[in-house]
Each structure stands twice: as C-alpha cells, then as structure tokens.
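Comments concern the structure below.
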Amino acid sequence: MYTVTVRRRQEATGRSSLLGSLPRRGFAVALYKKGQSLNGINVFLKICTQWTEKQTKSALAKARGACFSALLMPKKNTFSPTLIAWFKKIQRPLPWRQDYLPYHVWISEIMLQQTQMDRAVPYFERWMDRFPTIASIADAPEDEILKYWEGLGYYTRARNIRKAALVICAEHGGEFPAEHKAILALPGIGPYTAGAIASLAFGLDVPAIDANVERVYARLFDIDSPIKEKDAKKRVEALSAELLPAGQARDYNQAVMELGALICTPRAPRCESCPVAEHCEARRLDIVAFRPVPGKKKDITPLNVVCGVLEHKGKIYIQKRPQGAVWGGLWEFPGGSIEAGESPEQAVVREFQEETGFQVRIADKISIVRHGYTRFRVTLHCYFLQADAPLPPSTMSAADECLWATPEQITERAFPAGHRKLIDLMRQDLRFSQYI
DNA sequence: AACGCGTGGGA
DNA sequence: TTCCCAAGCGT
C-alpha cells in the first residue's frame, strides 16, 4: 500500500496546497522525488520496495492518473456548464442542427469525417435533396451515390453509407437504430461516429471523441504523451466520461468539438476568446503551442503519372475503376506511372496498350494537373489521343466497365478530383471543348 | 499498430 | 510553391 499525494504550487508565494491524496494497492516507485513536477503539479510518491520495469510503469501511470484527477476536481462543477452555455450562445446554424433527425446526423457525421464543415454543408444539402430518406439510398445504384460524393474524397464512406442503408432496411425496418451498440455495428460507423450519433440524435450519455476533442483535452489537461497513442487516448476517454454531465451529451459533445473548431484550433488558437481559458493547464504553463504532442509524420511520395483522353468517332473513352482499388467504382481516363527511362509520351501509349489493347497516337498535350492524395503528390501529364486504325473492343485489363462517352455521359459520372479538374480544363479550352 | 484511403484551403 | 493539414474507419 502506498499513497500518491498531489500538490499544486502557488507561483506567487512558492507554497503548495494539497489537491488530493489517493491510497493505492500494490507497488510503486520513487520516480518522483519530493517536489518534482509532473504536468505542472507536484507529485509526492510515498513508497519503497523493489520494482520491476512493469511495476515502475504502472506506478507512473497511477501517478499521472492522480494528477489528472487532481486537475479534474475543481473543473467538475464549473467547466461543463460554462462550456455548454458558451456553445448555446455561439453555435453555428447547420442543416442537421434543426431537428437532429438520426438520418441527418448520420449523413452529416460521415461527410465530416476528415472533412471541414464549410466543405461538407453544400454536399449535405444536395444529398438530402436527392436522398430524402434512408430507403431512397437503399434503392439507388452505387454509381449515383458516388456521383453525389464526387470531390469529397474517401469514397469508401459513400459505399458504406449505401451498405448501412441496406442493413437498416433489412434489419431495422428502415428506422435508424437507437442503441449505441447497433449504431456502432453499421458499416462505416466507428467509435467516434457512433458516439456522435448516439448523443446528438438520441441523447444517450456517451462520449464522441474526435481530433478536436483530443486537442482540447490535451491542452486543458496538459496531456504530454503523443495524442494518437493509446496512453493519451485512454486519458481522453476517461476525462470525457468524467466531464460529461448526465442528460446533456448532445450539447456537451458538440460544445467541446465546436470549441476545438472555432477557438482551440491547431494553429493560432484564440485563447483570449476561450470561455474555459481559466481551466486550461497548457495556457497556465504557456505551452499551448506544444499541445497536443504530435505523432510521427509520414513523408510524401512524389508521383509522375500520365493519362490519356482518347477521342474516336466523336466520343471519349472512359473506364470504371475496379472495386477495392483507389477510387474504386469511379470513372477515369486510362493511364499510369511513368516508368524509369520513359518519357510521358511513351508512358501514355504503353499504358493504353496494356489497359485497353488500343494502339494510340499523341494528338496534343492538354495540360499538367497537380493534385495530392493521402501520402502522394501527383504530377499528372494529360494527353489528347487519337487512333489511326479502327479500334477493337477494349481488353479492359484495369477496369470493370468501359464506355465511349458523350459529354452528357461524362457529366453524369463520378471522376476522381484530378480527372474532374482535367475535364473542366478541357471544357475551357477551344482545342478540346467540342469533344467533351 | 500502422497503413491506405482524397481533397481543397490556409500559412 | 510547398507544406500541413481537417469533425475517422477498416484491415
């Protein structure tokens, strides 16, 4: 048995006052000497015995836990009400914040995954116009659903919405399930989104932890381990559960996220406007810029890629990308990577031969389009192609479907952003606008 | 646990 | 221009 006592030192007087004292069973370590600071709080570990590495780690975790508990105590009564009051005053009007219909909350949350609010709103409006009910999604072909997602990225999200709609119609009578566990079981819905839907749409007292929440808590409680790692995540979960006022999950969860989006931003946070600044450990310690602690960053790979717009008898050849590939189910112009020692012109002719069996010639260079995706930075060389001999059926070695398309057919299909950019360029260009 | 999956905007 | 993202999920 040992005791962790936690004290906070008053800067002005140099005195420290007792914040808490927690008796613990088992072993612990004298990692912290008297007066040593952890997260800006003085920790006194009163113990002695021999320790293994595992026990050392456990004791450290307990001491940290004691620190967070000590920080939490004075916040419990004032922090959450202050934050909720602030949210009710400043919240942005959003389409799904009218009635919090489960269906609306669901679609908005999926759209907002890895996506900024301003960007998602117009997509949401368009979506609800076309798919007013869950059943209308289940009835629609995947192609059309992808078209309404075109440009948003992470297209698995759209495919999973369709899958989930089918599940809801088959197993829940067409009604969005109201239980946290059933929500979490739906395709495309993970821990964050399940928590968000459960709390916003159904008022269930469950946390919804996204990157905003992680950042806010990392600063409020000065979490000093990398925020994407397990240790910090568990801490955020515990804090979230502790600070959530019963019956107010809808407002509280949105309040924390809204704070992260509007005030407690990744760069240049507006602490002077923060309603809970007085509760913020990182601010007190003047280390807001160093919280949250970032993870390892992955490097960007540059890619040199070609694609070809083949015109034949007034139509344009396009193909549908295979399911499971990047941009699966979206349409594209054939192409691929420039191999070592190859020119872009050689690459596009070769790729056409490999993917379609067509022997093509370069008629014109259209443009170079630059765009990025996940960890890649793409330089896309785009060519206008023609064929001298009659063309056989495509061999389709890299596609599920193909089509000799009219401009209307190109308009109504979903393309990856880089290719859509190319289409728009060609429609502005007198050399090509007659074909596309 | 680490990686794959998109995109357009701001510094 | 270049870099760094922004309200995650699935495997």
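We use all heavy atoms of the structure for the numbers below, so side chains are in, but hydrogens, waters and symmetry mates are not.
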**Asked** So does A:Arg370 get a side-chain nitrogen or oxygen closer than 4.0 Å to the phosphate oxygens (OP1/OP2) of C:dT2?
**Response** yes

**Asked** Ring centres of A:Tyr252 and A:Phe87 under 6.0 Å apart?
**Response** no

**Message:** Tell me whether the rings of A:His371 and A:Trp327 are parallel (<30°), tilted (30 to 60°) or perpendicular (>60°).
**Reply:** tilted

**Message:** At under 4.0 Å between heavy atoms, how does the protein contact nucleotides 2-11 of chain B? Give one character per nucleotide, 5' to 3', with B, S or -.
**Reply:** -SSBBBS---

**Message:** Using a 4.0 Å heavy-atom cut-off, does A:Ser108 contact any base of the nucleic acid, only the sugar-phosphate backbone, or nothing at all?
**Reply:** nothing

**Asked** Given atom CD of A:Gln323 and atom P of C:dT11, what is their separation to the nearest angstrom?
**Response** 14 Å

**Request:** Check every strand shown and say whether A:Arg92 touches a base, only sugar-phosphate, or nothing at a heavy-atom separation below 4.0 Å.
**Result:** base

**Prompt:** Can you tell me how far P in B:dG6 sits from the matching atom in C:dT2, rounded to whole Å?
**Reply:** 24 Å

**Prompt:** For the pair made of CD1 in A:Ile110 and C1' in C:dG10, what is the distance, rounded to whole Å?
**Reply:** 12 Å

**Item:** A:Leu184 CG to C:dG8 P, straight-line distance once rounded to whole Å
**Value:** 16 Å

**Request:** Tell me what A:Ala261 touches on the nucleic acid: a base, only sugar-phosphate, or nothing, going by heavy atoms under 4.0 Å.
**Result:** base

**Message:** Side chains of A:Glu401 and A:Gln319: any donor to acceptor distance under 3.5 Å?
**Reply:** no

**Prompt:** How close or far is atom C1' of B:dA1 from atom CD1 of A:Ile227, stated in whole angstroms?
**Reply:** 17 Å

**Asked** What nucleic acid atoms does A:Arg420 come within less than 4.0 Å of, heavy atoms only: base, sugar-phosphate, or nothing?
**Response** nothing

**OG-CZ distance between A:Ser108 and A:Arg97, expressed to the nearest 0.5 angstrom** = 9.0 Å

**Message:** Heavy-atom count check: over 12 atoms from other residues, nucleotides or ligands less than 6.0 Å from A:Glu354 CD?
**Reply:** yes

**Request:** Provide the distance between the two P atoms, one in C:dC9 and one in B:dG8, to the nearest whole Å.
**Result:** 22 Å

**Fill in**
Of A:Arg321, A:Lys320, A:His419, the one forming a side chain to side chain donor-acceptor pair (under 3.5 Å) with A:Glu332 is A:Arg321

**Prompt:** Just checking, is any N or O donor in the side chain of A:Thr356 or A:Tyr317 under 3.5 Å from an acceptor N or O on the other one?
**Reply:** no

